[in-house]
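Here the structure comes first, spelled out in structure tokens, and everything after it is commentary.
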Amino acid sequence: MDSNKPFNQQCYDLLRQIPKGKVVTYADIAHQLGGKAYQAVGNAMANNPDVIVVPCHRVVNSNGAIGKYALGTEKKIALLQEEGIELDTEKNKVLNLDKQRHTFL
DNA sequence: CAGTTGACTGTTA
DNA sequence: GTAACAGCCAACT
């Protein structure tokens, strides 16, 4: 395992594994890392070390809300729509979250 | 080492 | 459906 790397680094690795047109929740990432560090995951994104290397825009809240984005929530929405993800631009939420949610195998 | 922070989640009302 | 409270973890100060 990557227990050698810091927690936030593991989050970035997982984010990079997300294919285009898919999204994940903070809880899923934290749970995949073997814990409930949803806050820690958000903290890693908040640090936003590499917006180019890590597709932070593919991460959404468990309730389907898009949440925030370093470059701006509006930018995040635009990117998600570009990827083919259906969103509710009226409420900034993800549609069919369960269907578009990516699972780490 | 203790306290604060944060792009959060889940439960209860 | 929304609101409020409590719990949680890692990193920073």
Side-chain angles (χ1 to χ4, degrees):
Chain A
M1 281 294 274
D2 307 285
S3 310
N4 206 350
K5 297 151 115 208
F7 193 93
N8 56 11
Q9 187 64 56
Q10 296 188 45
C11 298
Y12 309 143
D13 283 352
L14 248 42
L15 255 333
R16 271 190 262 166
Q17 289 173 56
I18 303 173
K20 168 182 159 223
K22 292 277 185 192
V23 290
V24 258
T25 69
Y26 289 96
D28 276 3
I29 296 173
H31 193 264
Q32 179 61 26
L33 290 178
K36 305 182 289 182
Y38 1 81
Q39 285 274 37
V41 177
N43 224 350
M45 307 294 103
N47 266 279
N48 194 13
D50 294 290
V51 108
I52 313 256
V53 185
V54 183
C56 322
H57 61 269
R58 284 181 194 154
V59 187
V60 295
N61 294 7
S62 61
N63 65 319
I66 288 178
K68 282 189 169 186
Y69 189 51
L71 306 182
T73 313
E74 300 174 43
K75 187 77 177 173
K76 182 169 180 175
I77 295 167
L79 283 164
L80 291 169
Q81 289 184 132
E82 268 305 301
E83 302 230 330
I85 299 172
E86 300 183 65
L87 314 170
D88 182 348
T89 53
E90 311 261 313
K91 290 183 172 66
N92 288 1
K93 295 236 182 152
V94 182
L95 303 178
N96 310 316
L97 175 62
D98 223 32
K99 178 181 173 176
Q100 303 190 103
R101 186 194 273 176
H102 169 69
T103 32
F104 299 99
L105 301 149

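Below, read A as the first sequence line, B as the second, and so on, with proteins coming before strands; counting in each chain starts at 1.
- Between chain A and DNA chain C, the heavy-atom contact criterion of under 4.0 Å yields a 5' to 3' nucleotide range of C:dG7 to C:dA11.
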Checklist outcome for this item: The contact string for nucleotides 8-13 of chain B, one letter per nucleotide 5' to 3', using protein heavy atoms under 4.0 Å with B, S and - for base, sugar-phosphate only and none, comes out as BSS---

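- Counted within 6.0 Å of CD on A:E74, heavy atoms from surrounding residues, nucleotides or ligands total 12 or fewer; the atom is thus considered open.
- Look at C:dC9: its Watson-Crick or wobble partner, with both distances under 3.5 angstrom, is B:dG6.
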Next on the checklist: For A:C56 and A:Y69: C-alpha separation, side-chain torsions, deciding distance, then whether side-chain contact (heavy atoms from CB on, under 4.5 Å) applies.
Outcome noted: CA-CA 8 Å; A:C56 322; A:Y69 189 51; 4.1 Å; yes

Checklist entry - Where do A:T73 and A:N92 land on the side-chain contact (heavy atoms from CB on, under 4.5 Å) test, with the steps shown first? => result CA-CA 9 Å; A:T73 313; A:N92 288 1; 4.2 Å; yes

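- Within 6.0 Å of NE2 on A:H31 lie no more than 12 heavy atoms contributed by other residues, nucleotides or ligands.
- Spacing between atom OH of A:Y12 and atom P of B:dA7 amounts to 13 Å, rounded to whole angstrom units.
- Taking a 6.0 Å sphere around CD of A:Q81, one finds it holds more than 12 heavy atoms contributed by other residues, nucleotides or ligands.
- With respect to A:E83, the side chain to side chain donor-acceptor pair (under 3.5 Å) criterion is satisfied by exactly one of A:Q100, A:K20, A:R58: A:R58.
- Comparing A:A37 and A:K93 by the nucleotide of DNA chain C that holds the closest heavy atom to each, the one mapping nearer the 5' end is A:K93.
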Next on the checklist: One pair to check against side-chain contact (heavy atoms from CB on, under 4.5 Å): A:L79 and A:L71. What are the steps and the verdict?
Outcome noted: CA-CA 11 Å; A:L79 283 164; A:L71 306 182; 5.8 Å; no

Next on the checklist: Between A:F104 and A:I18, does the side-chain contact (heavy atoms from CB on, under 4.5 Å) criterion hold? Intermediate values first, please.
Outcome noted: CA-CA 8 Å; A:F104 299 99; A:I18 303 173; 4.2 Å; yes

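- Nucleic acid contact for A:A40: base, since at least one base atom lies under 4.0 Å from a heavy atom of the residue.
- The distance between atom CZ of A:F7 and atom P of B:dG6, rounded to the nearest whole Å, is 19 Å.
- Here B:dG6 presents its P atom at 17 Å from CG of A:N8, a figure rounded to the nearest Å.
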